[in-house]
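Numbering starts at 1 and runs along the sequence shown.
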Amino acid sequence: MVVGPHPFAGSSIIGGIKWYMNQTHETATVVVVAPQSIGASLHAASNDDVTYKVVPTSKRGQKELKAKDADALLVIPNSGAASAKLYTRDDGNNVSKTAITTTLSGLNTISTAQKLGLSSAQLAQLTKPTRLSSKSVSFKANKMVIASGKSDTLKTILSLAVGALMYVFLLSYGALFPRK
């Protein structure tokens, strides 16, 4: 009688976690401020995980980020995709920095390949990874403010702590079975 509801509680917790994970995985929208050729290439690279939307100015991108029409703002200078800045909204969908870096590196490779005759030194330049600085932002008094103290590391530690507590909870109920 005491152990009866416990399997239901465990499956409810697991079902709840699965539901939450399915609900929180939505396509992220990244607003891009970049030269026209790079912007068009990024827009063409949109997929199920990320959609790129090109805007003409950084101010317009901030406006869309503030209105929660986008999850991140990617600013690429006129010099090309070798260096870019990514601003993600705290309460937005998860934006994969790795996927964006990979896409930008590919665009940088294509651009460099068109410019160069591919000697060994030029090949080394082609394989140089893109440097992406990322900052989490929020809006206060109609201004974009870089959030300090919030990081992916903190979120990871928090999720591990919650997972450990759930593990201890399930172990304590599992210990009831041998006693019965």
Side-chain angles (χ1 to χ4, degrees), residues 9-36 38-78 80-108 129-170:
S11 62
S12 296
I13 290 171
I14 292 171
I17 291 170
K18 189 173 183 178
W19 173 82
Y20 178 75
M21 289 175 64
N22 287 335
Q23 294 297 318
T24 58
H25 181 71
E26 295 180 17
T27 302
T29 302
V30 177
V31 178
V32 179
V33 179
Q36 187 177 3
I38 295 173
S41 297
L42 282 172
H43 182 70
S46 295
N47 57 35
D48 290 341
D49 293 328
V50 64
T51 300
Y52 296 101
K53 180 180 177 184
V54 181
V55 295
T57 64
S58 184
K59 200 133 184 103
R60 170 80 179 164
Q62 287 181 18
K63 195 179 217 182
E64 292 208 17
L65 202 60
K66 179 184 172 196
K68 297 185 179 182
D69 292 336
D71 301 302
L73 169 63
L74 178 63
V75 180
I76 301 171
N78 288 332
S83 177
K85 292 183 180 179
L86 179 69
Y87 301 95
T88 56
R89 215 176 69 229
D90 277 344
D91 57 347
N93 292 327
N94 187 25
V95 178
S96 171
K97 296 173 191 100
T98 305
I100 291 176
T101 302
T102 302
T103 303
L104 291 175
S105 293
L107 292 175
N108 189 41
T130 299
R131 194 182 73 225
L132 175 69
S133 69
S134 174
K135 297 179 180 159
S136 187
V137 297
S138 60
F139 287 90
K140 293 182 182 168
N142 292 331
K143 289 190 177 186
M144 187 168 77
V145 178
I146 295 174
S148 61
K150 292 188 177 182
S151 69
D152 289 338
T153 306
L154 180 63
K155 292 175 188 175
T156 302
I157 291 171
L158 182 61
S159 66
L160 286 172
V162 169
L165 285 173
M166 287 176 53
Y167 181 72
V168 169
F169 174 79
L170 290 174

Checklist line | Results of side-chain hydrogen bond (donor to acceptor under 3.5 Å, both in side chains) for Ser134 - residues two or more places apart only | finding: none
Next item on the list: Tell me, please, which residues at least two apart from Ser83 pass side chain to side chain contact (heavy atoms under 4.5 Å, CB included).
Entry: Arg131
Next item on the list: Tell me, please, which residues at least two apart from Asp91 pass side-chain hydrogen bond (donor to acceptor under 3.5 Å, both in side chains).
Entry: Lys68, Arg89
Margin query: Once rounded to the nearest 0.5 Å, what's the spacing between atom CG of Leu65 and atom OG of Ser138?
Written below: 10.0 Å
Note to self: As a quick check of understanding, evaluate side-chain hydrogen bond (donor to acceptor under 3.5 Å, both in side chains) for Thr101 and Thr130, giving each step before the final call.
What the structure shows: CA-CA 6 Å; Thr101 302; Thr130 299; over 6 Å; no
Notebook entry, point to check: What's the shortest heavy-atom distance between Pro77 and Ala84, and which atoms?
Noted result: CD-CA, 4.4 Å
Checklist line | All salt bridge (charged side-chain N to carboxylate O under 4.0 Å, His left out) counterparts of Arg60, not counting sequence neighbours | finding: Glu64
Notebook entry, point to check: Which heavy-atom pair separates Tyr52 from Leu42 by the least distance, and what is that distance?
Noted result: CD1-O, 2.9 Å
Next item on the list: Quick one: do Asp69 and Val31 satisfy side chain to side chain contact (heavy atoms under 4.5 Å, CB included)? Show the steps, please.
Entry: CA-CA 9 Å; Asp69 292 336; Val31 178; over 6 Å; no
Margin query: Can you list everything that forms a side chain to side chain contact (heavy atoms under 4.5 Å, CB included) with Asn47? Sequence neighbours excluded, please.
Written below: Asp49, Val50
Note to self: Restricting to non-hydrogen atoms, name the atom on Gln62 and the atom on Phe139 that form the minimum distance, rounded to 0.1 Å.
What the structure shows: O-CZ, 3.5 Å
Item checked: Rounded distance [0.5 Å steps], NZ in Lys85 versus NZ in Lys135 -> 5.5 Å
Notebook entry, point to check: Residues two or more places apart in sequence or in another chain: which of them pass side chain to side chain contact (heavy atoms under 4.5 Å, CB included) with Ala72?
Noted result: Val30, Leu86, Thr88, Val95
Next item on the list: Go through the structure and list residues passing side chain to side chain contact (heavy atoms under 4.5 Å, CB included) with Ser41, not counting sequence neighbours.
Entry: Leu107
Note to self: My understanding is that only residues two or more places apart in sequence, or in another chain, count here; which of them pass side-chain hydrogen bond (donor to acceptor under 3.5 Å, both in side chains) with Thr102?
What the structure shows: none
